[in-house]
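Inspection log for the structure reproduced underneath, given as structure tokens.
None of the values given here were measured: they were computed from a predicted structure.
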Amino acid sequence: MAFSDRKFLIPSYLYSTTSANSSKNLSTALDNHHGNMDKNNFLIAAPKEGSGYKVEMYTPAFYAASTIGGILSCGLTHTAVTPLDLVKCNMQIDPAKFKSISSGFGILLKEQGIRGLFRGWAPTFLGYSAQGACKYGFYEYFKKYYSDLAGAENAVKYKTLIYLAGSASAEVIADVALCPFEAVKVRVQTQPGFARGLSDGLPKFVKAEGAAGLYKGIVPLWGRQIPYTMMKFASFETIVEQLYKHAIPTPKDQCSNTTQLGVSFAGGYLAGILCAVVSHPADNLVSFLNNAKGATVGDAVNKLGVWGLCTRGLPLRIFMIGTLTGAQWGIYDSFKVFVGLPTTGGAPPPAQK
């Protein structure tokens, strides 16, 4: 049986190997061992310069690797930009006091010192680690699931719709994991004296508003994160494909890991800019609702205005989210390379016959 006739392998188009001979090796391995192989899984050749590990696609080990990569990419990066997030949240909540990025940092340093710039790091780390685990792990799962539903030809033809549907589905789950931590984080960061961090902030929050209060912001969080994640994944995959097509003189399978990871960071940074613009109004809503007990969306619109919802704190968020998203894709793809998986995205596959 020829490699191109194996229709059940169509989801593999979403990944490109990093060895020039990998396609030949993969086809040979399949032809030699297809009788002993589960038709839903196959072995990806380890990329050049990798760890030497090999992970089978769409196995528990593959989804575990995706989950761990998501934890590292989101938990570490969001924690690292805690000072930027702290200034952004205070600019959204109290614009009269925090009028600009520079003055915001100055006020926080004067009032709380260097340590104060990392206030809320614990709920940030735990919350976004949980979110990243679900975001990336379920994205890989749903991407394959929707590819299988679409069938061979449609999976290629409508790949962008698959990226959008897969990322939206994953983010619905990811935000359920994130929401309680986000609620405590915002309260700790924007109400000095409320709590030192997660350990005392969580019980205080629950005592004041009940356990259900932790999910008061779930709808605006979905409103912020689902468009953000759809843009993050679909635009990243498209940008990377275009970079390899128009900006990189060497085919992806002939590029070094360093080059490929550089493309991942660049694609992630550009995607992050788009993410920030699309999700910023909902980000303002999340901060407003989590800061004031009993506040509603109508209260936020009346106080901030439509223009304020769309623009307040946006320049800082563009810088923060661009850097964050670029770093996330760099970390995620670095981990994939480490376990013997190819980096995400690349040139589209040839049309299936």
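Counting heavy atoms of neighbouring residues, nucleotides and ligands inside a 6.0 Å radius, atom NZ of K204 exceeds 12 of them. Other residues, nucleotides and ligands contribute only 12 or fewer heavy atoms inside 6.0 Å of the CZ atom of F319.
Residues Y58 and Y145 place their aromatic rings such that the two centres sit no closer than 6.0 Å.
A side-chain contact (heavy atoms from CB on, under 4.5 Å) with I321 holds for exactly one of T323, I318, T325; it is T325.
Listed by chain and number, the residues in a salt bridge (charged side-chain N to carboxylate O under 4.0 Å, His left out) with D200 are R196 (sequence neighbours excluded). By the side-chain contact (heavy atoms from CB on, under 4.5 Å) test, A168 is found to be paired with I226, M230, residues two or more places apart in sequence or in another chain being considered. Shown here are the ring pair (Phe, Tyr, Trp, His ring centres under 6.0 Å) partners of Y228, two or more places apart in sequence or in another chain: there are none. Here P227 pairs with V278 under the side-chain contact (heavy atoms from CB on, under 4.5 Å) rule; sequence neighbours left out. In this structure, the side-chain contact (heavy atoms from CB on, under 4.5 Å) partners of K99, at least two apart in sequence or on a different chain, are S103. Listed by chain and number, the residues in a side chain to side chain donor-acceptor pair (under 3.5 Å) with Y128 are E182, R224 (sequence neighbours excluded). Every salt bridge (charged side-chain N to carboxylate O under 4.0 Å, His left out) that K97 has, sequence neighbours left out, goes to E111. For S169, the side chain to side chain donor-acceptor pair (under 3.5 Å) criterion is met by Y146, not counting sequence neighbours.
By the 30° and 60° cut-offs, the orientation of the rings of F236 relative to W329 is parallel.
Of all heavy-atom pairs between G166 and F142, the closest is CA-CB, 3.7 Å.
Identified under the side-chain hydrogen bond (donor to acceptor under 3.5 Å, both in side chains) test for residues 264-274, with sequence neighbours left out: S264-D333. Sequence neighbours left out, not one pair with a member in residues 174-205 passes ring pair (Phe, Tyr, Trp, His ring centres under 6.0 Å).
Note: L270 CG to C275 SG = 11.0 Å, rounded to the nearest 0.5 Å. Going from atom CG of D175 over to atom CG of L221 covers 4.0 Å, rounded to the nearest 0.5 Å.
Between the side chain of R119 and the backbone N or O of V188, at least one donor-acceptor pair lies under 3.5 Å. For H280 (side chain) and R312 (main-chain N/O), a donor-acceptor pair under 3.5 Å exists by modelled atom type.
For the pair F138/Y63, no side-chain contact is recorded, criterion being any heavy-atom separation below 4.5 Å from C-beta on. The shortest side-chain heavy-atom distance between P342 and Q260 does not fall under the 4.5 Å cut-off. With a 4.5 Å cut-off on side-chain heavy atoms, T343 and K336 do not count as touching. With contacts defined as side-chain heavy-atom distances shorter than 4.5 Å, the pair L341/M57 qualifies. Using a 4.5 Å heavy-atom cutoff, the side chains of C255 and Y244 are in contact. In this structure the side chain of F98 reaches within 4.5 angstrom of the side chain of L108, judged on heavy atoms. A heavy-atom distance below 4.5 Å is not found between the side chains of E237 and K159. Side-chain contact between E171 and K232 is absent, with no heavy atoms from C-beta onward closer than 4.5 Å.
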Please list, one pair per line, the donor and acceptor atoms closer than 3.5 Å that link side chains of residues 304-311 to other protein atoms, with sequence neighbours excluded.
from	atom 1	to	atom 2	distance (Å)
T311	OG1	W307	O	2.7

Return a table of donor-acceptor pairs under 3.5 angstrom between the side chains of residues 81-89 and protein atoms on other chains or two or more places apart.
from	atom 1	to	atom 2	distance (Å)
T82	OG1	T79	O	2.7
D85	OD2	K185	NZ	2.6
K88	NZ	D283	OD2	2.9

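Under the 4.5 Å side-chain heavy-atom criterion for grouping Ile, Leu, Val, Met, Phe, Trp and Tyr, V186 is not connected to L314 through any hydrophobic cluster. Y136 and F265 are not part of a single hydrophobic cluster, where members link through side-chain heavy atoms under 4.5 Å apart. Both F105 and F118 belong to a single network of hydrophobic side chains, linked directly or stepwise wherever heavy atoms of I, L, V, M, F, W or Y lie under 4.5 Å apart. Connection of V55 to F335 is established within a shared hydrophobic cluster, with ILVMFWY side chains joined at heavy-atom distances below 4.5 Å, either directly or through further cluster members.
Taking the charged nitrogens against the carboxylate oxygens, E209 and R187 do have a contact shorter than 4.0 Å, which makes a salt bridge.
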